[in-house]
Amino acid sequence: MSARTAVWYLRIVACLNLFAAVSLSFREQVRHHNHGDFYTPYLLTAGFSSAAFAVLMAVMMNRHKRAAWIANLVLSGLLLIGVVLSLLQHPGVDRHWFNWATLAVLVVFVGALVLGRSEFQAKGDPTNPKLAGWTLIGGGVVTLLVGTGLLSLTAAGRAASLADRAEYVVLRAVTLGSDGSQSLEFGVPRAIDVTVNVLCVGVLLLVTYALFRAPKGKEYLSHEDETRLRELLVKHGARDSLGYFALRRDKSVIFSPSGKAAVTYRVVGGVSLASGDPIGDIEAWPGAIEQWLEQAREHAWVPAVTGASEEGGVVYARHGLDALELGDEAIVEVSEFSLDGRAMRGVRQAHKRVARAGYTVAVRRHADIAEAEMETMLHHADQWRDGATERGWSMALGRLGDPDDGQCVMLECYDGEGELKALLSFVPWGEHGLSLDLMRRDRDSDNGLMEFMVIELIQRAREIGVERVSLNFAVFRAVFERGSRLGAGPFLRAWRSVLVFFSRWWQIESLYRANAKYRPQWEPRYVLFERSRDLPRIALANACVEGFIAQPRLPALLRGRRRGVAAEQATQERELEHVA
């Protein structure tokens, strides 16, 4: 209750500051009570910058940031001490009822902070103060230069000294209602005042983000972590088709106290995004989930899960997460698959057409591929990639040809002249299953090549001891299927139309249709979240890790194009270990 009181106070002050910035009469009232013998409550001034600062403080306090609690306690505490001393030492101050009201508000706010101190334990990044300091200096200098430059274009500014112009800019950066230099007070256009104040808003946004940002959580998989995960996959890998993707080296891992289960995740934009089900013994899943959620609370990360199965979603839901169906995974049981029947006519004809064109497929484990051959495949895979950005995270391994992935299966498709034209790579799903990882083909090759390779794998699966194959994931598969049926409601049809529109860029519908032609079993996959209001942040984080939205990174601008799938810092370290 005390913590909520402090947060709501900051929200109300932010609204009042914003209203004062756009309302002349209210701004004059705030201005009047900010001078002479008057004191206004904590952070109550007129201006966009003060409103933005109050909003950001409210947001960070709502995320239980310890640094935000300390900042508010120090600032409001100093103001409280100042008001008390003025009431005791200056006779004119205690005659104004407004000052006593300000004192009461300050006491309530500071008291709420003190009583609610135990709720503000979220840690920040240790480098935040240094980054915020440099951001403040740089932003302040830019604002000062722009403000004094704009003043120099006015008659009043040219007549004033540089010191007066700088003083005026500093005061206008804080509030639109403060007095500036007397020589400038009535000669400066209002547009300059607003421009300076808005610039200060931008600086405050950057400084506050730098000061209170959550730790990035880039503790990627170590060699020891990967070894422990592989041991869990050997025992329990058959439970989840996405289990092997936990070995991506740009993920972090947290184990249960017993060490029998683990949750793999990545922190993006303050979201701790786990993928798939926990790894390991299902009896130990709750311990791993509790450790992961506790870590998220400690660092003020938003916990979320993408691609959980129904079984995993049920366990996550027991720990306070809500579920939303994300789509369906296409799984083909080898024993039940057949090309016979009218429904498979299109696939059957496409398979025969490609076979008549002279294409052949080789199926083998990565461990059976010579190093020189693998280098050639890597070269072709890079050439055939559609765009510079590698997509996939929750259902992609993020590397190809690593010696530790010897049990992965490679499908190589050659034309009649023996030229390599397409590649498919599958990761192990337990002892008798495979999950699709990578699809690449020469764009000049014949259509239907991928379908031909998938059929060849299914028909020859028993040669490598495979009983089931997990293909691509179809986002919102049920919407496409039900929305096109007779009698579908207006909302469902409208939602399907939206997805069809976005499929022009993101291949949402085409992935569904490409999977549906094999008549697979559809296994639902879920996204799990703690609060509905966090869904936009979770969706943005998901889009970033899956490669739909590129995250700007300065080092990436300075690096050349890397071969294969970028695995960032952790992959580089692992490669050095292998070389050593």
Side-chain angles (χ1 to χ4, degrees), residues 220-221 223 226 229-230 233 237 241-251 264 266 275-276 307 361-414 419-429 433-443 445 449-450 453-454 456-457 464 466 469-473 511 545-547 556 559-579:
Y220 295 135
L221 290 185
H223 179 70
E226 186 172 333
L229 284 174
R230 288 184 182 275
L233 287 171
S241 62
L242 308 187
Y244 199 86
F245 299 126
L247 299 176
R248 277 186 69 107
R249 289 165 186 156
D250 59 353
K251 290 182 179 181
T264 56
R266 182 175 172 184
S275 62
V361 173
V363 182
R364 49 181 170 165
R365 300 280 180 180
H366 284 202
D368 299 329
I369 302 174
E371 185 176 350
E373 288 183 277
M374 184 63 76
E375 285 294 324
T376 301
M377 294 178 192
L378 288 171
H379 175 71
H380 284 297
D382 279 350
Q383 283 187 325
W384 296 336
R385 183 169 58 196
D386 186 12
T389 301
E390 184 67 41
R391 291 183 178 175
W393 180 75
S394 59
M395 297 182 180
L397 189 56
R399 60 181 181 267
L400 187 65
D402 191 287
D404 289 339
D405 301 321
Q407 289 305 302
C408 293
V409 172
M410 182 76 78
L411 271 72
E412 310 145 50
C413 186
Y414 298 91
E419 293 290 329
L420 184 63
K421 290 298 181 179
L423 291 170
L424 289 182
S425 182
F426 291 80
V427 300
W429 172 12
L434 294 176
S435 291
L436 180 61
D437 172 33
L438 179 140
M439 303 176 68
R440 298 285 167 79
R441 76 176 183 92
D442 188 343
R443 298 188 188 94
S445 60
L449 215 56
M450 290 300 174
M453 295 174 72
V454 171
E456 286 291 305
L457 171 65
I464 53 176
V466 172
V469 179
S470 171
L471 301 176
N472 274 320
F473 173 72
L511 279 176
V545 298
E546 295 289 353
R559 293 196 303 265
R561 183 179 177 182
R562 295 179 58 183
R563 172 183 288 185
V565 181
E568 299 184 354
Q569 177 181 348
T571 301
Q572 296 175 15
E573 294 174 354
R574 286 282 297 176
E575 288 174 353
L576 290 175
E577 290 177 8
H578 283 300
V579 172

Worksheet item: Between Leu411, Leu449, Val454, Leu424, which is the residue that forms a side chain to side chain contact (heavy atoms under 4.5 Å, CB included) with Met439?
Response: Leu424

Does the side chain of [X] reach to within under 4.5 Å of the side chain of [Y], using non-hydrogen atoms?
X      : Y      : result
Met410 : Met374 : yes
Leu457 : Ile464 : yes
Glu456 : Val363 : no
Val466 : Val409 : no
Glu226 : Asp404 : yes

Nearest atoms (heavy-atom pairs only) where [X] meets [Y]:
X      : Y      : value
Ser425 : Leu400 : OG-CD1, 3.8 Å
Met450 : Ala422 : CE-CB, 4.3 Å
Leu436 : Phe245 : O-CZ, 3.6 Å
Phe426 : Val469 : CE2-CG1, 3.7 Å
Gly406 : Arg365 : O-CB, 3.6 Å
Ser435 : Ser241 : OG-O, 2.7 Å

Practice prompt. Please lay out, stage by stage, how Trp429 and Leu434 fare under the test side chain to side chain contact (heavy atoms under 4.5 Å, CB included).
Written response: CA-CA 5 Å; Trp429 172 12; Leu434 294 176; 5.6 Å; no

Fill in: Results of side-chain hydrogen bond (donor to acceptor under 3.5 Å, both in side chains) for Glu373 - residues two or more places apart only
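Glu373 satisfies side-chain hydrogen bond (donor to acceptor under 3.5 Å, both in side chains) with Arg364 once adjacent residues are dropped.
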
Worksheet entry | side-chain hydrogen bond (donor to acceptor under 3.5 Å, both in side chains) partners of Ser470, counting only residues at least two apart |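 Applying side-chain hydrogen bond (donor to acceptor under 3.5 Å, both in side chains) to Ser470 gives Glu329.
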
Could you state the interatomic distance from [atom1] ([X]) to [atom2] ([Y]), rounded to the nearest 0.5 Å?
X      : Y      : atom1 : atom2 : result
Lys251 : Thr264 : NZ    : OG1   : 4.5 Å
Glu371 : Thr376 : CD    : OG1   : 11.0 Å
Arg266 : Arg248 : CZ    : CZ    : 7.0 Å
Leu438 : Trp384 : CG    : CH2   : 10.5 Å
Leu423 : Asp437 : CG    : CG    : 11.5 Å

Fill in: Partner residues of His366 under the ring pair (Phe, Tyr, Trp, His ring centres under 6.0 Å) criterion, sequence neighbours left out
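Here no residue qualifies.
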
Worksheet entry | Pairing residues for Leu233 by the side chain to side chain contact (heavy atoms under 4.5 Å, CB included) criterion, not counting sequence neighbours |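 With sequence neighbours excluded, Leu233 shows a side chain to side chain contact (heavy atoms under 4.5 Å, CB included) to Tyr244, Leu247, Ile279, given in chain and number order.
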
Worksheet item: Sequence neighbours excluded, which residues qualify as side chain to side chain contact (heavy atoms under 4.5 Å, CB included) partners of Ser394?
Response: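 Ser394 satisfies side chain to side chain contact (heavy atoms under 4.5 Å, CB included) with Ser275, Thr306, Glu546 once adjacent residues are dropped.
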
Practice prompt. Assess the side chains of His379 and Gln383: does a donor N or O sit below 3.5 Å from an acceptor N or O?
Written response: yes

Item to complete: Go through the structure and list residues passing salt bridge (charged side-chain N to carboxylate O under 4.0 Å, His left out) with Asp405, not counting sequence neighbours.
Response: Arg230, Arg399

Worksheet item: Would a distance-only check, ignoring hydrogens and angles, find a side-chain to backbone donor-acceptor pair under 3.5 Å from Arg249 to Tyr220?
Response: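 Not confirmed, Arg249 side chain does not pair with Tyr220 backbone.
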
